[in-house]
Amino acid sequence: MTLLKSNDISGISENLYKYNKSMFNKLGKSLAEVAMYAVNWEKGSYEDYIKNDLIAIVPITSGNGIIDGFSETIKNIIEITGFKAFVTDNSDVQGLEEAYKRRVKIIFIADDDKFIAINTCNYNIADNSFNTGRGYAAALDLMSGGLRDRTVVLIGAGSVGIGAASFMTAHGAKVLVYDILRQKAERLRDLFPEVEILTEFHSALKNNNLIFDATPAKNIIMKEYISESTLISAPGIPLGLEKDCMPIIKDRLIHDVLELGVVTMLFHALS
Ligand code: 2YC
């Protein structure tokens with residue numbers, strides 16, 4: 001998992017309103033609606049939850065320590081969906097105590113290895129990587145008009161790839177998975193037997209126009225793989241596309257640093 005730096009997230013908060021609108025214009029759904037689709041939300045409108053449920057973010061000082069702006073950015077992303085959220089005054093255990101004393105519904109916490117959201121009532125635990133995969137797969141489904149019977153090339157079989165595969169297989173896509181560590185691709189196929197393992201992904205990228213980049217690698221998607229009909233879901237940083245792909249792929253790309261994954265975590269934790 002790529003560790004964020006403060007300047008990776010510095011521009012997110014002031015762009016949230018615009019980003020949410022662009023998501024709606026591109027996919028016909030807001031960030032919250034894409035997330036609800038991703039987690040198969042069956043609880044009707046979430047307005048009642050907004051009124052009653054409070055969300056806390058607890059800064060965690062372990063490992064590389066607090067990332068300046070991280071908790072505040074998570075708070076702002078949650079609040080763009082309409083929920084009330086706050087960053088605890090204290091970090092770590094004292095912050096957890098503060099959140100519980102304020103009887104919050106969901107607690108977001110992240111150390112260097114895991115980023116989760118905990119539901120204090122039903123014990124749901126939403127993992128950022130798995131839910132980022134699901135949220136981005138739901139976005140690819142919406143951008144493509146539906147993944148049923150379509151082939152998707154999934155590069156990366158880690159937690160993000162597993163989340164993506166769980167959504168895509170459930171929605172009838174034919175998933176071709178490649179991972180530089182074959183045993184990770186085999187582990188993903190154990191979870192989703194209908195998935196096919198690729199021994200290399202270059203020809204698959206040339207012959208298919210739906211791509212999910214679930215790797216932390218740079219520059220693995222070159223412009224010779226991109227056509228006018230290519231659609232790409234590429235969560236997180238670094239972005240796996242080479243720079244000269246951008247004028248070709250244009251807005252047929254779903255990519256952000258944290259936003260869609262965090263909102264999908266929220267609705268998974270609430271569900
Ligand atoms: O400020 C804090 O509370 C820090 N402990 C937060 C550390 C987050 C580390 N994780 C990451 O940078 C990446 C993010 C892309 C989300 C998942 N991992």
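Note that ligands are numbered from 1 as they come in the structure, with each ligand's atoms numbered from 1 the same way. Numbering starts at 1 and runs along the sequence shown.
When only modelled atom types and interatomic distance are considered, Asp213 and Tyr136 share no side-chain donor-acceptor pair under 3.5 Å.
The residue from Leu3, Asp92, Ile60, Thr2 that puts a heavy atom closest to atom 2 (C) of ligand 1 is Ile60.
Not a single heavy atom of Gly236 sits under 4.0 Å from any atom of ligand 1. In this structure, Gly65 is part of the shell of residues with a heavy atom less than 4.0 angstrom from ligand 1.
Applying the 4.0 Å criterion to heavy atoms of Ile66 picks out, from ligand 1, the atoms 1 (O), 2 (C). Atoms of ligand 1 found under 4.0 Å from any heavy atom of Asn128 (numbered from 1 in listed order, with element): 16 (C), 17 (C). For ligand 1, the atoms sitting less than 4.0 Å from at least one non-hydrogen atom of Pro59 are 3 (O), numbered in the order shown with element in parentheses.
Salt bridge present: Lys101 and Glu97 bring a charged side-chain N and a carboxylate O closer than 4.0 Å.
A heavy-atom distance below 4.5 Å is found between the side chains of Ile162 and Arg187. The shortest side-chain heavy-atom distance between Thr230 and Ser227 falls under the 4.5 Å cut-off.
The N/O atoms of Phe70, backbone and side chain alike, include none that comes under 3.5 Å of an N/O atom in ligand 1. At a 3.5 angstrom cut-off on N or O pairs, Phe115 does not count as close to ligand 1.
Cluster membership for Ile125 and Ile60, using ILVMFWY side-chain heavy atoms within less than 4.5 angstrom, is shared.
When the options Ile9, Ile12, Val87, Ile77 are evaluated for a side-chain contact (heavy atoms from CB on, under 4.5 Å) with Glu72, the one that passes is Val87.
Contacts between Asn64 and ligand 1 below 4.0 angstrom, taking non-hydrogen atoms only, are absent altogether.
The distance between the ring centers of Phe115 and Phe70 falls below 6.0 angstrom.
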